[in-house]
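Heads up: the structure comes next, in structure tokens.
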Amino acid sequence: MSPAVGLAALAAVCAATVLIGVYGLRISRTTGDFYVASRTVRPWWNASAIGGEYLSAASFLGVAGLILVSGIDALWFPIGYTAGYLMLLLFVAAPLRRSGAYTIPDFAAARLDSRPARTVTSLLVVIVGWLYIVPQLHGAALTVRITTGLPGWVGAAAVVVVVVLSVVTGGMRSITFVQAFQYWLKLTALAVPVIFVLLALGSTSQPITDGGAVFHSDLDVSDEASLYRNISLITALLFGTLGLPHVLVRFYTNPDGPSARRTTVIVLGLLSLFYIFPTLYGVLGRIYTPGLATGGQADATVLLLPARIFDGAAGDLLSALVIAGAFAAFLSTTSGLVVSLAGVVSQDLFRGSVRGFRWAAVLSAVVPLAVALATDSLALAGSVGTVFAFTASTICPLLLLGIWWRGLTDAGAIAGMVTGAVLCGAAVMLAAFAGSALGRFEELLAQPAAWSVPVAFVVTIAVSKLTASRRPLTVARVMARLHSPEHHHPAPRTVGR
């Protein structure tokens, strides 16, 4: 594929993102517009935007790469990503919308009536957001390097520049337009090329290459650790979705609780439709491009497969579409994360003003850019899975117990979040540095969610029971607001500093 084709695709999607973001500036005027789009986003539009920001580098590139390498075990990723939204529908979406908060720390402050709990929650939200942004920038670097020949840092820097421009001009309302557009671009960018590939392969007698042997090679995951790994992975994905800051902030933009539930139902359908296509790319990659697995380029399967099947202009056009969709994935997820982090940072450091929001957006994007430039890319879906495990071990217990258990105290919430962060973070870092030297314990540490999440819940509950006297006096009123239909209580006030 010609580098000019890749550059043209990247330029087109960046220009479209900026133009749509500038359009959002025309109708973004108030603080509510910047933080939660004044809570006026309707379910279909909001669901498209959620799909845009949730379907990240791990979904667009990483799922196909993992299927190429690991086969059927990798299917837990799209299943877990989608099922996590079912958990949101059942346990979080409507109550969180009724809380009246702008951010997760706002919810912690309102529910627990505790400044220390808010501070710890803010710190964890920022850490989770930065950890999630880094794989997006790694994905952008990979895409630019493979498709244009330019240095990888150009892709990471381009994402940060475009995202910051979009966020500081229009805030959440602007990003909502951008992300809704990018969901449908990503879906089209995956669906159209793979349909043409299937039609082309179905109309020829092209034999399966010797790559078919990969299905039975040592790339398949069938060892004894596989069961634990799958259990831990699905735990991380199911519970981690409940604590992703850029996903949760979307439910504050709905007009009411029923709209939040309808949004989640629509998102489930959109995600289910989307994940059909990365799965197809992974399967086709195992047949026609198996060398990418052994060559360490598994995450490039989606980018390279169309050009392996089609020659000339047809291959270039289909590849350009895939490249545009991939960059849309990096932009949309990063923009959602930057918006959510800017909301937290601006309220804690800049008193929640629009000007403070803009400075916070710059800070929220520059820090992970520095980290991404200083580190090497791992398997995209695997690295994002680690972030899910960390989120499930920290923010998830606060939300689930805060919404459904009136016995939660600030001391219990802080103890649970700190315990989960220390256990999960230490386990992952030890596994990364020690590796095979850990022997049979390597898998337990590399995939800690199966034990770190239950421990975090147990510590939260135990400490809350031991500190029952710290239960906030406002708990009955807050719980009534979370679980009563909107017309049964006054409109929620904005919780903030």
Side-chain angles (χ1 to χ4, degrees), residues 31 35-36 91-92 95-129 239 242-245 248-249 251-252 340-352 356 360 390-425 452-453 455-484 489-490 492-497:
T31 301
Y35 282 89
V36 290
F91 301 114
V92 173
L96 194 60
R97 167 60 187 83
R98 297 187 192 110
S99 70
Y102 275 158
T103 64
I104 300 174
D106 280 347
F107 170 81
R111 171 64 179 83
L112 300 171
D113 194 21
S114 168
R115 183 64 191 178
R118 179 192 175 90
T119 300
V120 173
T121 306
S122 296
L123 179 61
L124 288 173
V125 166
V126 171
I127 291 173
V128 167
F239 289 92
L242 302 185
L244 293 178
L248 293 173
V249 74
F251 293 104
Y252 301 130
S340 63
L341 295 184
V344 172
V345 174
S346 65
Q347 289 199 34
D348 286 344
L349 297 182
F350 302 110
R351 299 186 179 181
F390 185 84
T391 307
S393 305
T394 53
I395 299 174
C396 175
L398 165 70
L399 287 172
L400 282 182
L401 295 175
I403 290 173
W404 296 102
W405 184 45
R406 64 178 58 242
L408 181 68
T409 66
D410 59 341
I414 292 171
M417 288 189 287
V418 172
T419 299
V422 171
L423 290 179
C424 184
S452 63
V453 174
V455 169
F457 272 96
V458 169
V459 169
T460 302
I461 294 171
V463 174
S464 292
K465 286 184 174 292
L466 292 174
T467 59
S469 61
R470 296 182 62 87
R471 189 180 303 173
L473 298 177
T474 58
V475 63
R477 175 173 56 82
V478 174
M479 294 297 283
R481 181 182 299 281
L482 293 178
H483 297 286
S484 300
H489 51 73
R493 66 178 180 86
T494 298
V495 181
R497 183 167 178 167

If every non-hydrogen atom of Gly420 is compared with every non-hydrogen atom of Thr394, which pair is closest and at what distance? C-CG2, 3.9 Å
Those residues at least two apart in sequence (or on a different chain) that pass side-chain contact (heavy atoms from CB on, under 4.5 Å) with Val455 are Thr419, Leu423, Val459
Rounded to the nearest 0.5 Å, how far apart are CZ of Phe107 and CG of Leu112? 7.5 Å
Between Leu341 and Val126 the two heavy atoms that sit nearest each other are CD2-CA, 3.6 Å
Nearest 0.5 Å, what's the OG1-CD1 distance between Thr121 and Ile104? 8.5 Å
In terms of heavy-atom contacts, Ala392 and Val453 come closest through CB-CG2, 3.7 Å
Spell out, as yes or no, whether a donor-acceptor pair under 3.5 Å connects the side chain of Ser464 to the backbone of Thr409. yes
Is Ser484 reaching over with its side chain to a backbone N or O of Arg481, donor-acceptor style, under 3.5 angstrom? no
Not counting sequence neighbours, list each pair that qualifies as a salt bridge (charged side-chain N to carboxylate O under 4.0 Å, His left out) and has a residue in residues 393-420. Asp410-Arg470
What one should report as the nearest heavy-atom pair of Gly402 and Leu482 is O-CD1, 4.0 Å
Reported CZ-to-CD1 distance for the pair Phe390 and Ile395, which is rounded to 0.5 angstrom: 8.0 Å
Once you measure the plane-to-plane angle for Phe91 and Trp404, does it fall in the parallel (<30°), tilted (30-60°) or perpendicular (>60°) bin? perpendicular
Just wondering, do Pro105 and Val125 contact through their side chains at under 4.5 Å, heavy atoms? yes
Closest heavy-atom pair, Leu398 versus Ala413, reported as atoms and distance to 0.1 Å, is CD1-CB, 4.0 Å
Within the 3.5 Å criterion, strictly below it, is a donor on Asp348 or Ser122 matched to an acceptor on the partner's side chain? yes
With Leu401 via side-chain contact (heavy atoms from CB on, under 4.5 Å) - residues at least two apart: Trp405, Leu408, Phe457, Thr460, Ile461
Could you tell me the separation between the CZ atom of Arg118 and the CG atom of Leu123, rounded to the nearest 0.5 Å? 13.0 Å
Please find the pair of heavy atoms, one from Pro472 and one from Asp113, that lie closest to each other, and give the distance. CB-CB, 4.0 Å
Separation of Ile403 CD1 from Ser99 OG (nearest 0.5 Å): 8.0 Å
Student check: side-chain heavy atoms of Val92 and Leu400 closer than 4.5 Å: yes
Taking the side chain as everything from C-beta on, heavy atoms only, tell me whether Thr474 gets closer than 4.5 Å to Arg111. no
